[in-house]
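When reading the values below, keep in mind they use all heavy atoms of this one structure, side chains included, and skip hydrogens, waters and symmetry mates. Lettering of chains follows the sequences in order, A, B, ..., and the numbering in each one begins at 1. Computed from a prediction, not measured in an experiment: that's the story for all the values here.
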2 protein chains.
Amino acid sequence: MRLSTRAQYAVRAMVDLSLYSQGRPVSLKEISRRKEIPLNYLEQLFFRLKKGQIVTSVRGPGGGYVLARQESAIKVGEIVVTVEEQLNPVACLDEGDRSCQREARCLTHTVWQGLGERIKGFLDSITLEDLTREARTRPTGEGSSGKDVCQPVG
Amino acid sequence: MRLSTRAQYAVRAMVDLSLYSQGRPVSLKEISRRKEIPLNYLEQLFFRLKKGQIVTSVRGPGGGYVLARQESAIKVGEIVVTVEEQLNPVACLDEGDRSCQREARCLTHTVWQGLGERIKGFLDSITLEDLTREARTRPTGEGSSGKDVCQPVG
DNA sequence: ACATACTTGACAATTATAGTAAGGTATGTT
DNA sequence: AACATACCTTACTATAATTGTCAAGTATGT
């Protein structure tokens, strides 16, 4: 029951983007440096995030990525779904799956369905704003080094 | 964000055991036949379920497995955790993980932690009794063929 | 022109999962 | 005692997914 590191990276990167961009584009190089995520890997992630209309891009020197919407309008669940493709706990919940045709007879189906809904619901209840608000109210200095997420600073 | 098929099989098998055992041991051969799960694979699962004290075993001819407790005292979450080992959405929540030492600085940590708690909480809110009750109130006949879970009957 | 930085596809390495195989042990029945 | 049943345990293989790398391209500001 593991979230892919893709999803974890994506959320971390989006938090970084949100914190360091004040309307100005942030290059992946910057994010890569701050968050210690391989640049090429980030590029893949942001390719998806752009397709998912969560960010927009600015090409050329001084370019980079910008949030497509306000922080408060970007849900963590969105980010995760965009890079993960599927958030369903079991395959038979996926769209187009035909292995579980008679839902009424499927005892455990209801359980997995409910589980999926809880997961999605929870992640959708948290916005980028919620995550950055916390970071902004912290004392600056070491704490604002950017490595805020699951990476020991010392 | 997929649950392993191990976990899905385990829950299905436990439902089967619960339905067909009235105090009497049910052999894995039976369950294997009804649920179309490879016998050897089932053996592995029940090895874990026994260690997890969710079932007890009776050896020899006529033997099999029996629920270790009442249906109402066996939570789906327990079954899943027992065969999955880990239910945490991210690695840094695992016991003994040292990669995320300064929790206070980890912005997204809280999200994954909350997610893990929701998942566990939801699965723990459902018991075997909940699942079998539904099955028992259904009309018998084709519906009681045993293939009740994510396996089309026709 | 040149440098920056996004864009895109292909691919290799690693890991986890699913499933198979095989041999052993306990125990009830004849 | 012999046999059949069914649990017990370990080891292994194949497959798939994930993670991460590489490489070559395109757009654009200076």
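Between the CD1 atom of Ile37(B) and the CG atom of Leu42(B) there is a distance of 5.0 Å, given to the nearest 0.5 Å.
Nearer to the 5' terminus of DNA chain C, by closest-nucleotide assignment, is the contact made by Lys50(A) (compared with the other of Lys50(A) and Met1(A)). Both Val58(A) and Ser4(A) lie near DNA chain D, and the one whose nearest nucleotide falls closer to the 5' end is Ser4(A). If Tyr41(B) and Tyr65(A) are placed on DNA chain C by their nearest nucleotide, the residue sitting closer to the 5' end is Tyr65(A).
Between the Arg2(B) side chain and the Asn88(A) main chain, a donor and an acceptor come within less than 3.5 Å of each other. The backbone N or O of Lys35(B) lies less than 3.5 Å from a partner atom in the side chain of Arg12(B), making a donor-acceptor pair. Without hydrogens or angle criteria, Glu129(B) side chain to Ile126(B) main chain gives no donor-acceptor distance under 3.5 Å.
Between Leu45(B) atom CG and dT9(D) atom C1' there is a gap of 14 Å when expressed in whole angstrom units. Remark: C1' of dT5(D) and NZ of Lys29(B) are 7 Å apart, rounded to the nearest angstrom. Rounded to whole Å, the distance from CD on Gln44(B) to C1' on dC12(D) is 11 Å. Remark: C1' of dG29(D) and CZ of Arg24(A) are 16 Å apart, rounded to the nearest angstrom. In this structure, the CG atom of Leu39(A) is 12 Å from the P atom of dC22(D), given to the nearest Å. Rounded to a whole Å, the CG atom of Leu3(A) is 15 Å from the C1' atom of dA17(D). One interatomic measurement links the two molecules: CZ of Arg48(B) to P of dC7(D), which rounds to 18 Å at whole-angstrom precision. Rounded to an integer number of Å, the gap from CG of Leu42(A) to P of dG20(D) is 11 Å.
Taking side-chain N and O atoms only, Thr56(B) has no distance below 4.0 Å to OP1 or OP2 of dC7(D). Contact annotation: Ser57(B) reaches the phosphate of dC8(D) (side-chain N/O to OP1 or OP2, under 4.0 Å).
Nearest nucleotide to the side chain of Pro38(A), out of dA27(D), dT21(D), dT18(D): dT21(D). The listed nucleotides are dG20(D), dC7(D), dA23(D); the one nearest the side chain of Glu43(A) is dA23(D). Here the nucleotide nearest the side chain of Asn40(A), chosen from dA11(D), dA23(D), dG20(D), is dA23(D). If you check dA6(D), dT19(D), dC8(D) against the side chain of Phe47(B), the one that comes closest is dC8(D).
Residue Phe46(A) is out of contact with every strand shown, counting any heavy-atom pair closer than 4.0 Å.
Looking at Arg6(A), its side chain has no donor and acceptor atom pair within 3.5 Å of the base of dT18(D).
Between chain A and DNA chain C, the heavy-atom contact criterion of under 4.0 Å yields a 5' to 3' nucleotide range of dA3(C) to dA10(C).
Annotation: salt bridge (Lys or Arg N to Asp or Glu O under 4.0 Å) contacts involving residues 49-69 of chain B, sequence neighbours excluded, comprise Arg69(B)-Glu78(B).
Applying the side-chain contact (heavy atoms from CB on, under 4.5 Å) rule to Ala7(B) yields the partners Leu3(B), Ser4(B), Val80(B), Val83(B), Glu84(B); only residues at least two apart in sequence or on another chain are considered.
In this structure, Tyr41(B) and Tyr9(B) have perpendicular ring planes: the angle between them is above 60°, well past the 30° mark.
Nearest heavy-atom pair, Val26(A) versus Ser21(A), reported as atom, atom and distance to 0.1 Å: CG2-CB, 3.4 Å.
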